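Working notes, structure below.
A quick note: this is a predicted structure, and the numbers were derived from the prediction, not measured. Reckoned from all heavy atoms, side chains included, excluding hydrogens, waters and symmetry mates. The sequence lines fix the lettering, A, B, ..., with proteins before strands; numbering per chain opens at 1.
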Number of protein chains: 2
Amino acid sequence: MDKDTITLRTKTWIVDENKDTLFGAGQLKILETIERTGSISAAAKEMKMGYRSMWGRIRKVEQRTGKSLLIRHKGGSDGGRSELTEDAKLMVSRFKALQQRIDDAAQDIFHAIYFPE
Amino acid sequence: MDKDTITLRTKTWIVDENKDTLFGAGQLKILETIERTGSISAAAKEMKMGYRSMWGRIRKVEQRTGKSLLIRHKGGSDGGRSELTEDAKLMVSRFKALQQRIDDAAQDIFHAIYFPE
DNA sequence: TTTCGATATGTCAACAAAAACATAACGATT
DNA sequence: AATCGTTATGTTTTTGTTGACATATCGAAA
């Protein structure tokens, strides 16, 4: 139990009444990357995951929350692009704050219990 | 995003320098059940998991922490039994407190961000 | 009206984690 | 020394999740 080698990890996510995930760290990263890159496929490439699975994860959240996360622009010379809806932007900013604050608190508690001075 | 239907979930665990799990909710429950029932096999039966996998999970933690979690009594008319070492008892009580306090804090933060009055 | 890259969606393969199966060894009690 | 339920451990199946493959559609611009 050495302070330098052991680490606390936490995971935080939001579920619906069926315990299905509505939002978590994965969704957060996906949406942030889409916002920055401008499309699902570019985001998938950057995150080194398949377009298919990224698309599927987004759809799941959309179905479960009943809100669309992306404004899709299909076709065009550039093939198309996607941007976040206002709902998605809210989800991102809220969850980011949530995650940050929970992780900070968790680390404090961890140190207080495991390494009191 | 309805207060009555969405829920925050958190997971907390401790890892070593290789990110391998040293202790988590699963180990906690396993050790608590062994302590109460008096043996690995009884605990496995109660938790509806195989003896083999429970035994393997305990061994992993023992190998990674370098501490033995159980005092094993093999053989005898009753077949044998196992009890927790002092190290294991400490791990259980510490982690239980950790988990509880982190989850409480997480719920507070969740409500503050998602359902401010 | 042809092109091009992105969205949309079904299906199938691959890999990992957990469970199931199978024995061997152990030792206090009878 | 025979018994019994437990510990110990290797091997094999099952299962579940992730990624790979395949294909159709879309529509602005050339």
### Query
Across the strands shown, which category fits B:Gly80 at heavy-atom distances under 4.0 angstrom: base, sugar-phosphate, nothing?
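The answer is sugar-phosphate, as B:Gly80 gets under 4.0 Å only of primed atoms, P, OP1 or OP2.
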### Task
Report which part of the nucleic acid A:Gly79 touches: base, sugar-phosphate, or nothing (heavy-atom distance under 4.0 Å, all strands).
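It contacts base atoms.
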Test item: [X] side-chain N/O and [Y] main-chain N/O as donor-acceptor pair under 3.5 Å:
| X | Y | value |
| --- | --- | --- |
| A:Arg9 | B:Ile14 | no |
| B:Glu62 | B:Leu69 | yes |
| B:Asn18 | B:Asp20 | no |
| A:Gln27 | A:Gly24 | yes |
| B:Thr65 | B:Lys67 | yes |
| A:Thr21 | A:Phe23 | no |

### Task
State plainly whether the residues B:Arg72 and B:Glu83 are in salt-bridge range, i.e. N to O under 4.0 Å.
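Between B:Glu83 and B:Arg72 there is no salt bridge, as every charged N stays at least 4.0 Å from the carboxylate O atoms.
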### Task
Give a yes or no on whether a salt bridge exists between A:Lys29 and A:Glu32, defined as a side-chain N under 4.0 angstrom from a carboxylate O.
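Result for this pair is no, no salt bridge flagged.
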### Task
By nearest nucleotide on DNA chain D, pick out whichever of B:Arg81 and B:Ser77 is the more 5' one.
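On the 5' side of the pair lies B:Ser77.
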### Task
By nearest nucleotide on DNA chain D, pick out whichever of A:Asp78 and B:Ser82 is the more 5' one.
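Checking each residue's closest nucleotide, the 5'-ward one belongs to B:Ser82.
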### Query
First contact, last contact: which nucleotides of DNA chain C are these for chain B, 5' to 3', heavy-atom distance under 4.0 Å?
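Nucleotide range in contact with chain B: C:dA19 to C:dT29.
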### Message
Need two values: the first and the last nucleotide of DNA chain D, 5' to 3', having an atom under 4.0 Å from any heavy-atom of chain B.
### Response
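First and last nucleotides in contact are D:dC4 to D:dG10.
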### Residue-level proximity of residues 26-59 of chain A to DNA chain C when a heavy atom falls under 4.0 Å
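Those residues whose heavy atoms fall under 4.0 Å from DNA chain C, taken from residues 26-59 of chain A in numerical order, are A:Ser39, A:Ile40, A:Ser41, A:Tyr51, A:Arg52, A:Trp55.
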### Task
Decide whether B:Thr5 and A:Asp16 meet the rule of one side-chain donor and one side-chain acceptor closer than 3.5 Å.
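Distance-only check fails for B:Thr5 and A:Asp16.
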### Query
Which atom pair, heavy atoms only, marks the closest approach of A:Asp87 to A:Ser68?
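Closest pair (atom of A:Asp87, atom of A:Ser68, distance): CB-O, 4.3 Å.
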